[in-house]
Number of protein chains: 2
Amino acid sequence: MITPRTPSGTLELLPPEQVAFQRMLDAIRAGYERFGFLPVETPVFERSDVLLTKTGGETERQVYFVQSTGALEKADGPAYPELALRFDLTVPLARYVAEHEHQLTFPFRRYQMQRVYRGERPQRGRFREFYQCDVDIIGKDELSVRHDAECPAVIHAIFTDLAIGPFTIQVNNRKLLRGFYEDLGIVDADQQAAVLREVDKLDKRGEDYLRSTLTGDGFGLAEEVVEQILAFVQVRSTGHDDALTRLAQVEAGSRGSASLAAGIAELREVLSLVRALGVPESDYCLNFSIARGLDYYTGTVYETTLDEHPEIGSICSGGRYDNLAGQYTRSRLPGVGISIGLSRLFWQLREAGLLDASTGESTVQVLVPQVDGELLGEQLALASQLRHGGINTEAVLDGGKLGKQLRYADRAGIRFVALLGSQEVADGTVTIKDLRRQDQFTVPRDEVVSALRVELAQPEVPGD
Amino acid sequence: MITPRTPSGTLELLPPEQVAFQRMLDAIRAGYERFGFLPVETPVFERSDVLLTKTGGETERQVYFVQSTGALEKADGPAYPELALRFDLTVPLARYVAEHEHQLTFPFRRYQMQRVYRGERPQRGRFREFYQCDVDIIGKDELSVRHDAECPAVIHAIFTDLAIGPFTIQVNNRKLLRGFYEDLGIVDADQQAAVLREVDKLDKRGEDYLRSTLTGDGFGLAEEVVEQILAFVQVRSTGHDDALTRLAQVEAGSRGSASLAAGIAELREVLSLVRALGVPESDYCLNFSIARGLDYYTGTVYETTLDEHPEIGSICSGGRYDNLAGQYTRSRLPGVGISIGLSRLFWQLREAGLLDASTGESTVQVLVPQVDGELLGEQLALASQLRHGGINTEAVLDGGKLGKQLRYADRAGIRFVALLGSQEVADGTVTIKDLRRQDQFTVPRDEVVSALRVELAQPEVPGD
């Protein structure tokens with residue numbers, strides 16, 4: 001006998017949680033589709049030579065290689081297996097767009113919601129298998145910065161639908177960052193990266209650590225420069241006009257960096273279109289501390305945080321990149337995109353006790369219990385009637401006491417029970433019990449679908 | 001520069017086909033949920049020792065093993081890698097139910113729609129990665145045969161929704177098969193299996209081959225016995241009453257096999273409940289030639305075929321098994337289930353030219369072109385209005401000639417275009433073009449969502 005065990009580092013859910021998880025996946029997909037993005041799915045594995053063109057040490061060490069038994073047994077096989085599991089959805093997107101370039105229309109607007117794999121050391125909240133829900137817009141040769149406004153708009157629609165509390169989409173721009181540091185005399189890209197790494201520790205280590213580090217031997221920045229950096233990275237705009245004011249202030253303080261000017265112009269356009277797309281100004285802001293992947297993003301960058309749970313960190317991040325697939329094609333493919341790491345987000349929401357509202361409610365809407373075994377045919381006909389009416393219905397086929405069947409429905413999160421006893425059959429009626437409202441009523445048999453549809457459209461608790 | 005290539009043996013789709021594929025996945029999921037099944041997802045890999053407890057040569061040779069770079073580089077690692085990709089959804093279901101047994105309610109009704117992996121030699125129509133869409137009902141200790149009627153019912157609902165043409169769900173029973181051969185004196189299980197393997201070749205090799213083989217040296221059956229087998233396996237009932245008559249005939253011819261009697265009783269109950277569940281009698285039949293996995297299924301077995309495309313073979317198969325997870329738990333877990341191999345089905349439908357109706361129609365319902373760059377704000381506000389109204393909307397942000405934008409919508413399968421020029425802005429209206437019906441009309445701006453909803457609810461071509 002083998003002990004059944006889920007592999008470590010995976011998020012396997014029991015049905016009530018899986019239902020809640022699936023509802024989140026559905027809401028994200030509906031949001032992406034509402035904004036006109038098209039679905040793409042790619043194989044879970046890629047050819048190793050295709051997958052591992054760009055990656056450096058850390059990623060490659062975490063890659064899962066795949067090989068069939070036959071390949072394993074061949075002593076003279078290739079040094080590395082032929083296939084490897086995708087570690088993100090960006091490399092597969094690059095491969096997909098480069099491979100199918102001449103069959104796609106640009107700008108290519110795609111969403112992709114699949115699992116990715118990283119051979120991480122297992123620890124709480126770190127997963128070896130997790131969902132990413134990505135959306136990207138890829139241009140050919142060029143892509144207007146206007147598209148950078150679509151990411152906050154679609155993310156706003158989705159997180160509003162998910163109803164996991166107030167959130168803020170924080171926007172910055174890598175050109176603005178680069179220009180700001182250039183103006184301070186920090187021109188070298190490596191030095192900029194080193195400063196940004198230290199600045200990233202501000203929340204954890206505090207201002208004094210940053211002052212002493214940046215003025216210390218390794219960096220040797222003037223105190224005044226460090227104060228400028230500290231003031232800059234703490235900027236969070238408090239509304240649309242305030243964001244424009246902050247940009248004007250940075251512009252006024254510039255010593256002429258072209259990169260800074262370009263970043264400011266892009267942010268102005270992006271913010272104005274984010275507003276035009278109907279995102280309330282309370283839900284987005286400028287945050288000059290956001291840098292993201294230092295060698296990947298080149299323009300707009302985004303992070304999204306839950307206002308009441310900043311400890312969760314960014315729940316959705318992304319940005320603009322200059323060239324998606326330089327390793328696969330000579331075509332220049334600039335793009336902008338954003339990603340929701342749903343497995344991690346779901347786990348964090350559960351840890352924070354924020355899933356209560358959505359979990360517990362089954363996909364099953366109605367239980368048709370077995371009141372009387374003699375009436376099995378009638379009971380199944382009722383179940384069929386409900387299903388034809390589009391209502392998710394479970395029919396009890398094993399019998400047992402009615403009380404036990406009702407308790408099962410209640411525990412399983414099934415809201416309605418449709419009872420058909422001999423009285424109901426004689427009268428041509430059905431008795432409906434609403435287990436949430438602890439209510440019951442009897443309807444003519446031919447009105448049961450419409451009656452339940454009305455009930456299902458109403459909130460579970462009066463006044464909700 | 002690396003050539004971007006999809007790994008062989010995978011079904012990667014361009015967006016229009018992916019949309020059609022996703023619609024099929026959605027229809028299957030909706031069908032499973034309408035019948036009260038709950039979603040389960042398991043990790044793509046299982047621990048190798050857990051996955052490979054039961055399997056013999058063929059399956060094990062096709063298993064894909066998974067290991068991280070670190071494990072690959074360890075010379076003294078385990079002989080077999082720790083993880084392996086699932087090759088079906090049945091073993092993960094067994095592991096899931098055994099592992100979470102005390103947190104599940106039985107009968108446990110779950111559906112699972114995920115990809116599975118087999119290291120097959122690549123060839124046309126054979127996939128190394130493919131979707132399976134499984135539904136199973138698992139009992140604890142026992143499970144009434146009534147549940148065997150739910151599989152044909154849910155499959156009937158789903159294939160009706162998929163609208164891929166008329167189909168027949170063919171039902172048989174392993175106990176009946178076993179009893180029939182027992183009555184003929186073929187009692188030994190291995191001999192029965194050998195006969196069934198030959199009978200399976202009937203369609204390809206013909207009756208004469210079967211006669212000579214079964215009466216030949218290897219089998220040595222009497223000619224009369226072979227004629228009885230030939231008559232038996234060619235039984236296809238032509239309606240509900242005919243099915244009952246066929247069963248009565250088999251019963252009358254029995255020499256007293258208890259297994260045969262049990263199989264007949266089960267089939268009678270299953271057929272009567274399939275009818276009670278509203279499946280039209282034209283859509284199911286008895287087919288005594290169906291055997292399925294010889295050592296796995298123990299009672300009812302199912303296959304489903306497209307009436308107009310028998311060459312495609314079974315598009316959905318399954319059956320009843322005695323004990324799901326004997327390798328993981330001492331609990332007896334009988335079950336019944338059915339599986340749709342969607343990747344292969346999709347590929348076959350595409351090859352047979354049966355996908356035309358569903359492909360080509362985008363998930364994007366409305367394009368809002370850029371008529372006048374000066375009106376960008378108005379254009380985006382209109383796009384937001386449509387999206388808030390639940391309409392999937394793409395807004396053109398890059399401009400270009402209007403004719404080109406309309407041609408894009410047409411080619412992309414986007415049915416409606418919502419035009420907002422200076423005249424419309426002045427009038428407070430929107431002009432809607434229906435590219436399918438080649439029709440256009442103008443509506444007040446605040447009625448655009450309701451007008452489009454009415455249009456979207458109507459068929460694309462009048463009279464459809």
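Order of the sequence lines fixes the chain letters, A, B, ..., with proteins taken first and strands second; residue numbering starts at 1 for each chain.
How far CE of A:M1 is from OG1 of B:T53: 10.5 Å, rounded to the nearest 0.5 Å.
Taking chain A as the reference chain and counting heavy-atom pairs below 4.5 Å, the highest number among B:R330, B:E394, B:R411, B:E41 is found for B:E41. Chain B forms more heavy-atom pairs under 4.5 Å with one residue of A:P43, A:A30, A:A153, A:A381 than with any other, namely A:P43. Contact count against chain B (heavy-atom pairs under 4.5 Å) is highest for A:L277 among A:T10, A:L277, A:L367. For chain A, the option among B:S362, B:A412, B:G31, B:S384 with the highest count of heavy-atom pairs below 4.5 Å is B:S384. With respect to chain A, the highest number of heavy-atom pairs below 4.5 Å among B:G377, B:G278, B:P39, B:A395 belongs to B:P39. Counting heavy-atom pairs closer than 4.5 Å to chain B, the top-ranked of the candidates A:L11, A:L273, A:V366 is A:L273. Ranking B:E150, B:H100, B:Q22, B:R5 against chain A, the residue ahead of the rest is B:R5, based on heavy-atom pairs under 4.5 Å. By number of non-hydrogen pairs under 4.5 angstrom with chain A, the leading residue of B:L14, B:V97, B:V50 is B:L14. If you tally non-hydrogen atom pairs under 4.5 Å between each of B:L382, B:T363, B:V364 and chain A, the highest count goes to B:T363. Between chain B and the residues A:A157, A:A276, A:P7, A:G139, the most heavy-atom pairs under 4.5 angstrom are made by A:P7. Of the listed residues (A:R109, A:E12, A:Q385, A:E378), the greatest number of heavy-atom pairs within a distance under 4.5 Å of chain B belongs to A:E12.
Only the side chain of A:Y117 comes within contact range of chain B, with heavy atoms under 4.5 Å apart. With a 4.5 angstrom heavy-atom cutoff, A:R29 touches chain B only via side-chain atoms. The part of B:L376 that comes within reach of chain A is its side chain, from C-beta onward, which places non-hydrogen atoms under 4.5 angstrom from that chain. If you measure heavy-atom distances from A:R118 to chain B, you find no contacts under 4.5 Å at all. Neither the backbone nor the side chain of B:Q365 has a heavy atom closer than 4.5 Å to any heavy atom of chain A. The contact between B:L85 and chain A is made entirely by side chain atoms (from C-beta outward), counting heavy-atom distances below 4.5 Å. For A:V44, the parts lying under 4.5 angstrom from a heavy atom of chain B are both the backbone and the side chain. For A:L13, the part lying under 4.5 angstrom from a heavy atom of chain B is the backbone only. In this structure, chain A has a heavy atom under 4.5 Å from the side chain of B:Q114, while its backbone stays farther away. Contacts of A:Q379 with chain B are absent, with no heavy-atom separation under 4.5 Å from either backbone or side chain. In this structure, no portion of A:S8 lies under 4.5 Å from any heavy atom of chain B. Using a 4.5 Å cut-off between heavy atoms, B:I414 does not touch chain A at all. Heavy-atom distances place both the backbone and the side chain of B:A98 under 4.5 Å from chain A. Contact of A:I391 with chain B is made through the backbone alone, with heavy-atom distances under 4.5 Å. Contact of B:R275 with chain A is not made at all, since no heavy-atom distance falls under 4.5 Å. For A:D161, no part lies under 4.5 angstrom from a heavy atom of chain B. For a residue to count as touching a neighbouring chain, one of its non-hydrogen atoms must lie under 4.5 Å from one of that chain's; by this rule B:E46 touches chain A with backbone and side chain alike. For B:T393, the parts lying near chain A are the backbone and the side chain together; criterion is any non-hydrogen pair under 4.5 Å.
Within the 4.5 Å cutoff, the side chain of A:E99 has no heavy atoms near those of the A:Y328 side chain. Between B:V368 and B:V396 the shortest side-chain heavy-atom distance does not fall below 4.5 Å. Taking 4.5 Å as the limit, every side-chain heavy atom of B:P4 sits out of range of all side-chain heavy atoms of A:T329. Put simply, the side chain of B:V40 does not reach to within 4.5 Å of the side chain of B:L93, judged on heavy atoms. Side chains of A:Q112 and A:Y96 form no contact here, defined as non-hydrogen atoms less than 4.5 Å apart. Side-chain atoms of B:S68 and A:Q62, non-hydrogen and from C-beta on, never get closer than 4.5 Å to each other. Side chains of A:I158 and A:Y32 form a contact here, defined as non-hydrogen atoms less than 4.5 Å apart. At least one side-chain heavy atom of B:L380 sits less than 4.5 Å from a side-chain heavy atom of B:L397.
Taking all atoms of both residues into account, the shortest heavy-atom contact from B:M113 to B:Y131 is O-CE2, 4.1 Å. Taking each heavy atom of B:F65 and B:P81 in turn, the nearest pair found is CB-CG, 3.5 Å. A pairwise comparison of heavy atoms in B:L104 and A:P15 identifies CD2-CD, 3.9 Å as the closest pair. Across all non-hydrogen atoms, the minimal contact from A:R34 to B:G390 is CD-CA, 3.8 Å. A:G400 and A:Q405 get closest at one heavy-atom pair: O-NE2, 2.9 Å.
Salt-bridge check for A:E120 with A:R128: failed, with every basic side-chain N at 4.0 Å or more from each acidic carboxylate O.
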**Message:** Under the criterion side chain to side chain contact (heavy atoms under 4.5 Å, CB included), I'd like the reasoning laid out for A:L51 against A:R47: C-alpha separation, chi angles, the key distance, then a yes or no.
**Reply:** CA-CA 6 Å; A:L51 191 69; A:R47 298 172 54 92; over 6 Å; no

- Run the numbers on A:I137 and A:F108 for side chain to side chain contact (heavy atoms under 4.5 Å, CB included), then give the verdict. CA-CA 6 Å; A:I137 307 148; A:F108 176 54; over 6 Å; no

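Centroid-to-centroid, the aromatic rings of B:Y64 and A:F45 come within less than 6.0 Å.
A:R95 and A:T42 share no side-chain donor-acceptor pair at under 3.5 Å.
Identified by a heavy-atom distance below 4.5 Å to chain A, the contributing residues of residues 140-149 of chain B are B:S144, B:R146, B:H147, in residue-number order.
Side chain of A:E129 to backbone of A:R115: no donor-acceptor contact under 3.5 angstrom is found.
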